[in-house]
Amino acid sequence: MSARDTVNDEMYEDGEESEGGESRGLTAKKGRATPSRRTQEVVEVKDEGNFITRPLYGLRDYIEGVRAELAKVVWPTREETRRLTTIVLIVCVVSSIVLGTISALFTWLISVGLETPTIVFGTIFLVALVGFGFYLRQANRRTSSF
């Protein structure tokens, strides 16, 4: 117990009111330390039933737990379900079109590249080089001078 706690206990023993205008209720000291949970002994629960009924009890407890959790779920309304389903379908269709287009573009690019490799791959290298130069120029522009 610190000196501050001693002062506070002495200050309010007479039933004086605290700063907020309410009296402070003190409880009697226990005279012993409160045991931690680590030092408490674990009480073993004896399994009930025989080797056939124990798994059934466990399954029953599991199903009761699932039903209790499902009762806590806030299910979406019909309108929310339709709206979210529409969004998912639109995103799937758009992403499949974009990925299909990219795949077709790269397939065409590779087939043309196999016919005339120097021109196509040289052009790709040149475009990548110009893009990298543009990136470096933008990165230098963003840095501050101070």
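Below, all heavy atoms of this structure are taken into account, side chains as well, without hydrogens, waters or symmetry copies. Position 1 is the first residue of the sequence, and the numbers go up from there. Given the structure is predicted, the values throughout are model-derived calculations rather than measurements.
A distance of 12.0 Å separates CD1 of Ile110 from CD of Glu115, quoted to the nearest 0.5 Å. Separating the CZ atom in Arg60 from the CD atom in Glu64 is a distance of 5.5 Å, to the nearest 0.5 Å. Expressed to the nearest 0.5 Å, how far CD1 of Ile90 lies from OG1 of Thr85 amounts to 11.0 Å. How far CG of Leu56 is from CG of Asp61: 11.0 Å, rounded to the nearest 0.5 Å. Considering CD1 of Ile102 and OG1 of Thr107, their distance stands at 11.5 Å, rounded to 0.5 Å.
Linking Ile, Leu, Val, Met, Phe, Trp and Tyr residues whenever their side-chain heavy atoms come within less than 4.5 Å leaves Val91 and Leu99 in two separate clusters. One hydrophobic cluster holds both Ile124 and Trp108 under the rule that ILVMFWY side chains link at heavy-atom gaps under 4.5 Å. With hydrophobic clusters built from ILVMFWY side chains whose heavy atoms lie under 4.5 angstrom apart, Leu109 does not share a cluster with Val130.
Side-chain atoms of Thr77 come within 3.5 Å of backbone atoms of Glu80 as a donor-acceptor pair (strictly under, hydrogens ignored).
In the hydrophobic clustering, where aliphatic and aromatic side chains (Ile, Leu, Val, Met, Phe, Trp, Tyr) are joined below 4.5 Å either directly or transitively, Tyr62 groups with Leu59, Ile63, Val66, Leu70, Val73, Trp75.
Shown here are the side-chain hydrogen bond (donor to acceptor under 3.5 Å, both in side chains) partners of Glu69, two or more places apart in sequence or in another chain: Lys72.
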Requested in this report: Could you give me the CA-CA distance, side-chain angles and deciding distance for Arg83 and Glu79, then say whether side chain to side chain contact (heavy atoms under 4.5 Å, CB included) is met?
Outcome: CA-CA 6 Å; Arg83 182 177 52 85; Glu79 292 79 25; over 6 Å; no
